[in-house]
Amino acid sequence: MALSVCSVGPWNLNPKTLSTPSFSFKSLKFPPFWPTQKVKMGPLSVSPMGFGTWAWGNQFLWGYQESMDNELQQIFNMALDYDINLFDTADSYGTGRLNGQSEKLLGRFIREFQEKKGSKRDIVIATKFAAYPWRLTPGQFVNACRASLDRMQIEQIGIGQLHWSTANYAPLQELALWDGLVAMYEKGLVKGVGVSNYGPKQLLKIHDYLKDRGVPLCSAQVQFSLLSTGQDQLEIKSICDSLGVRMIAYSPLGLGMLTGKYSPSKLPSGPRALLFKQILPGLDPLLSSLRDIANKRRKTMSQVAINWCICKGTVPIPGVKSIKQAEENLGALGWRLSSDDLLRLDYAANESPRRMIQNIFQTR
């Protein structure tokens, strides 16, 4: 159930209190982030923004260290305290010996939160199952789902997602994976099923395939941001709207390029630097528009970029690996960009000479 500003929290006040001589507005403690209404995602109710956990266990790209786990636990707790209940992960998140670490951490954090609070929350875990070449049968895909359940030590996954399509290089495997989604849904291992990195044509195909077998497709995860608004993304969004499928926007900050923290002379460490070096030089008009709107709204550029995704009807899942990032992301909720702001950002995005490189697993 979504929190209500009028009924939940220390800011719940009796109107009579306001009229008493001893009352002082200075004593009021307003919440830093306003509770938000949930949105439907198939049979589930989720927060209008989730948290992505790609960085939780990824040393190569995001510099994860196990010493970060305490802060990640605090981030998880903070998210739930402010009514964020959607967490996106994958069985492939985690590098080397840490493979599956993201799922393991989420499972641990759920248990520790429930033990500390003494109650259960409506937590929606959306995990993705990789289309590895050795997963050739529906049974093997179901086993992948069971392995994720074991890592998280939970009884049921919120949304089980196919991480990418194999239609471009192994069409027969694709059908087996679709049947695997059907089987895990019928066995009650997941509450709903979704896809990731599916283009318009394949999205329509899998939707119809699942529908014929009595399985609703509840989500489609796509790279979507002010740097990823090509024809495919717009067509996918239109299809999702017509079919009642919720679109999840991953990389809503363009891997960090839309935060305003980087420039051609100030690049991030690691592999991202190569990508940023190619794209950032052409982003001045877009980043300038983001900065102007952020200053006018008294928000950060990241908050404006995430709010743009929300205004477009998607559920963004920005990544978080620090409390500061979590707090900043939460500031994207509880308000909306004006139509003029949206038009200005849309124009700046369309005029940008550089775009995010499309995921190599994205299909047509």
Side-chain angles (χ1 to χ4, degrees), residues 2-3 5 30-41 46-52 79 82-84 86 88 219-238 240-241 246-262 279-280 282-320 324-352 354-356:
L3 295 178
V5 172
F30 289 99
F33 312 108
W34 290 105
T36 55
Q37 294 294 320
K38 296 289 196 297
V39 298
K40 295 299 291 181
M41 190 173 288
V46 303
S47 45
M49 176 185 74
F51 276 0
Y82 291 104
D83 217 22
I84 300 297
L86 175 65
D88 180 79
S219 65
Q221 192 170 145
V222 181
Q223 182 175 251
F224 185 81
S225 72
L226 283 162
L227 287 177
S228 302
T229 55
Q231 185 58 40
D232 275 1
Q233 281 90 349
L234 297 178
E235 191 174 349
I236 292 167
K237 182 63 174 63
S238 178
C240 285
D241 290 344
R246 183 65 65 177
M247 185 162 143
I248 300 174
Y250 75 78
S251 293
L253 298 176
L255 298 180
M257 273 183 278
L258 296 174
T259 64
K261 299 173 184 176
Y262 303 103
I279 299 176
L280 277 174
L283 290 189
D284 283 347
L286 175 57
L287 295 180
S288 179
S289 295
L290 264 177
R291 190 176 293 107
D292 289 348
I293 292 171
N295 290 336
K296 180 182 71 174
R297 288 277 184 171
R298 296 185 179 181
K299 301 293 181 181
T300 67
M301 292 170 65
S302 295
Q303 290 165 351
V304 172
I306 294 170
N307 193 270
W308 178 87
C309 290
I310 294 172
C311 289
K312 293 297 180 179
T314 72
V315 176
I317 48 170
V320 281
K324 183 179 180 181
Q325 285 178 342
E327 290 175 341
E328 185 172 8
N329 291 349
L330 287 167
L333 299 174
W335 59 282
R336 292 183 73 86
L337 289 163
S338 69
S339 56
D340 287 344
D341 291 337
L342 291 170
L343 284 172
R344 182 179 178 185
L345 290 171
D346 289 347
Y347 178 80
N350 289 334
E351 291 299 305
S352 294
R354 305 287 175 86
R355 301 288 179 92
M356 277 290 290

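Any value given below was found using the heavy atoms of this structure, including those in side chains, with hydrogens, waters and symmetry copies removed.
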Margin query: Could you tell me if the side chain of Val222 sits less than 4.5 Å from the side chain of Asp232, heavy atoms only?
Written below: no
Checklist line | Interatomic spacing from CG in Asn329 to CD1 in Ile317 - rounded to 0.5 Å | finding: 11.5 Å
Item checked: Lys324, NZ: over 12 other non-hydrogen atoms inside 6.0 angstrom -> no
Next item on the list: Please tell me if the side chains of Ser225 and Ser228 come closer than 4.5 Å, counting only heavy atoms from C-beta onward.
Entry: yes
Notebook entry, point to check: For Ser338, which residues count as a side chain to side chain donor-acceptor pair (under 3.5 Å) partner, sequence neighbours excluded?
Noted result: Asp341
Notebook entry, point to check: Can you name the closest pair of heavy atoms from Ala249 and Thr314 and give their distance?
Noted result: CB-OG1, 3.6 Å
Notebook entry, point to check: Would Met247 and Asp241 count as a side-chain contact (heavy atoms from CB on, under 4.5 Å) if you check the C-alpha gap in whole Å, the side-chain angles of each, and the deciding distance to 0.1 Å?
Noted result: CA-CA 8 Å; Met247 185 162 143; Asp241 290 344; over 6 Å; no
Item checked: Heavy-atom pair of closest approach, residues Tyr250 and Gln223 -> CE2-N, 3.2 Å
Notebook entry, point to check: Side-chain contact, heavy-atom cut-off 4.5 Å: Thr229 with Asp346?
Noted result: no
Check: How many angstroms lie between atom CE of Met49 and atom CG of Asp83, to the nearest 0.5 angstrom?
Finding: 11.0 Å
Notebook entry, point to check: Which pair of heavy atoms, one from Leu253 and one from Ala305, lies closest together, and at what distance?
Noted result: CD2-CB, 3.8 Å
Checklist line | Donor-acceptor contact below 3.5 Å, side chain Arg344 vs main chain Leu290 | finding: no
Note to self: Give me the atom names and distance for the closest heavy-atom approach of Ile310 to Ala332.
What the structure shows: CD1-O, 4.2 Å
Check: For Trp335 and Leu337, what are the C-alpha separation, side-chain angles and deciding distance, and is it a side-chain contact (heavy atoms from CB on, under 4.5 Å)?
Finding: CA-CA 7 Å; Trp335 59 282; Leu337 289 163; 3.7 Å; yes
Margin query: Using only atom types and a distance under 3.5 Å, with no angle test, would you say the side chain of Ser289 pairs donor to acceptor with the backbone of Leu345?
Written below: no
Checklist line | Gln303 side chain to Ala294 backbone, donor-acceptor under 3.5 Å | finding: no
Item checked: Spacing of CG belonging to Leu286 relative to CD belonging to Glu351, to within rounding of 0.5 Å -> 11.0 Å
Checklist line | Minimum side-chain heavy-atom gap Asn307-Arg297 below 4.5 Å | finding: no
Margin query: To check you understand the geometry: which heavy-atom pair defines the closest contact between Pro316 and Ile306, and what is its length?
Written below: CG-CG2, 3.8 Å
Checklist line | Minimum heavy-atom distance between Ser219 and Ile248, given as atom pair plus value | finding: CB-CD1, 3.9 Å
Note to self: Lys261: which residues meet the side-chain contact (heavy atoms from CB on, under 4.5 Å) condition with it, sequence neighbours left out?
What the structure shows: Thr259, Glu328
Checklist line | Side-chain heavy atoms of Leu333 within contact of Ile84, under 4.5 Å | finding: yes
Next item on the list: Applying side-chain contact (heavy atoms from CB on, under 4.5 Å), run through Leu287 and Leu258 and close with a yes or a no.
Entry: CA-CA 7 Å; Leu287 295 180; Leu258 296 174; 4.3 Å; yes
Checklist line | Straight-line distance of Cys240 SG to Glu235 CD, nearest 0.5 Å | finding: 11.0 Å
Margin query: Evaluate Leu283 against Leu227 for side-chain contact (heavy atoms from CB on, under 4.5 Å), listing each step before the verdict.
Written below: CA-CA 9 Å; Leu283 290 189; Leu227 287 177; 3.4 Å; yes
